[in-house]
Protein chains: 2
Amino acid sequence: MAKPRWLTEHEEAAWVGYRRMRVLLDLRINRDLVSQSGLSEQDYDVLSNLSEAVGQRMRLGDLAAHMCWSKSRLSHHITRMQDRGLVQREECADDGRGSMLTLTRKGHDAIIAAAPGHVASVRQHLIDVLTPEEIDTLAALTHRVVARLQD
Amino acid sequence: MAKPRWLTEHEEAAWVGYRRMRVLLDLRINRDLVSQSGLSEQDYDVLSNLSEAVGQRMRLGDLAAHMCWSKSRLSHHITRMQDRGLVQREECADDGRGSMLTLTRKGHDAIIAAAPGHVASVRQHLIDVLTPEEIDTLAALTHRVVARLQD
DNA sequence: AGCGTGTTGTTGACATGTCACTAACCTAGA
DNA sequence: TCTAGGTTAGTGACATGTCAACAACACGCT
């Protein structure tokens, strides 16, 4: 720490750009989604991952790991979603500690209804703004950063 | 919306990667910073932008715009930082509505002390994980997305 | 001057996420 | 068997951010 390697101009531009994009993009996509479907992006992610799981059911811990969420965050959020009737907690047969998470009929309908609009929003504000090369670079780069952070 | 263009595999990878990186990277960098300096990343950004401003003072609205924050968010945050003695609100001479934001001595010292460790953290978890090409691509891509969102 | 409209910043109510702690349970080794 | 230590999930207190509403002021037009 005695001799910090400050960011170069290019590095600074990437870092600042990332942080700005994070704020604006997330806010915008979230707003689009809420106004169109009544779901937040967090709700959408939970429902989406759950609907793609085998049997449309998942352990809480597995879902948290898959989404890179803390267990606490997921637990709080699931409580709220359960109150709204979108998902359902069930006992876990083979592990007394665990909970299985399942989709309710209402949750299933909600994700089906929300998906087209959400994809359109993601396209409009991010994907369709990028070139195919940028998309691949972004995918590669984010996956590498995530992998490093998951130790 | 009748016929949604779903994301291709590559597009999906970029989108999922971005969202995972967002969660993990921000959490990690924030934790590093808090444990090393007692500042959150938000605190750091405010102090950093303020210390680079001419006269180390800035209008609240200008700072909010520059950081891509909502005015409300900044106002709340400044109140908290002011309570901790890091910044100071002052009357704005040429506009009775406005406030000027200034750095206190304590805020100045805090950013100076925190900077080397924070840069090291950003390098370790993001910048140094990327190639120079990826950094430039990330900068270009994020700036374009931000520009589109700012209309 | 007087009025309407837009800006600037603040506030309160509320939603969300983190952290630290706890309870309940599982598993392996003495 | 039983006990220590790890795992799974839930909880409460707190920090943060959003949204909508508001107050105070600026500015342009008549």
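Order of the sequence lines fixes the chain letters, A, B, ..., with proteins taken first and strands second; residue numbering starts at 1 for each chain.
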Between [X] and [N], is there a side-chain N or O to OP1/OP2 distance below 4.0 Å?
X       : N      : answer
B/Arg31 : C/dC19 : yes
B/Arg80 : D/dT16 : yes
B/Gln42 : D/dA15 : no
B/Ser70 : D/dT18 : yes
B/Arg89 : C/dT10 : yes
B/Lys71 : C/dG9  : no

Checklist entry - Quick one: does A/Asp32's side chain have a donor or acceptor within less than 3.5 Å of a partner on A/Ile29's backbone? => result no
Item to check | Main-chain N/O of B/Leu50 paired to B/Arg57 side chain as donor or acceptor, under 3.5 Å | outcome: no
Next on the checklist: Pick the closest DNA chain C nucleotide for B/Gly61 and for A/Trp69 by heavy atoms, then say which residue is nearer the 5' end.
Outcome noted: B/Gly61
Checklist entry - Any Lys/Arg nitrogen of A/Arg31 or A/Asp26 sitting under 4.0 Å from an Asp/Glu carboxylate oxygen of the other? => result no
Item to check | Salt bridge A/Arg19-B/Asp45, side-chain N to carboxylate O under 4.0 Å | outcome: yes
Checklist entry - Do the ring planes of A/Tyr18 and B/Tyr18 sit parallel (below 30°), tilted (30 to 60°) or perpendicular (above 60°)? => result perpendicular
Next on the checklist: Once you measure the plane-to-plane angle for A/His118 and A/Tyr44, does it fall in the parallel (<30°), tilted (30-60°) or perpendicular (>60°) bin?
Outcome noted: tilted
Checklist entry - Can you tell me how far the CE atom of B/Met67 sits from the NE2 atom of B/His77, to the nearest 0.5 Å? => result 8.0 Å
Nearest-Å distance for atom pair [atom1]/[atom2], residues [X] and [N]:
X       : N      : atom1 : atom2 : result
A/His76 : D/dT16 : NE2   : P     : 16 Å
B/Leu33 : C/dT18 : CG    : P     : 16 Å
B/Leu27 : C/dC19 : CG    : C1'   : 11 Å
B/Asp32 : C/dC19 : CG    : P     : 12 Å
A/Arg73 : C/dC19 : CZ    : P     : 12 Å
A/Met81 : C/dG17 : CE    : C1'   : 16 Å

Checklist entry - What about A/Ser40, does its side chain sit under 3.5 Å from the base of C/dT16 through a donor-acceptor pair? => result no
Next on the checklist: Using only modelled atom types and a 3.5 angstrom limit, is any donor from either the side chain of B/Ser75 or the base of C/dT11 paired with an acceptor on the other?
Outcome noted: no
Checklist entry - Near DNA chain C, which residues from residues 91-104 of chain A have a heavy atom under 4.0 Å away? => result A/Asp95, A/Gly96, A/Arg97
Item to check | Out of C/dT8, D/dT18, C/dG17, whichever nucleotide has its closest atom nearest the side chain of B/Arg59 | outcome: C/dT8
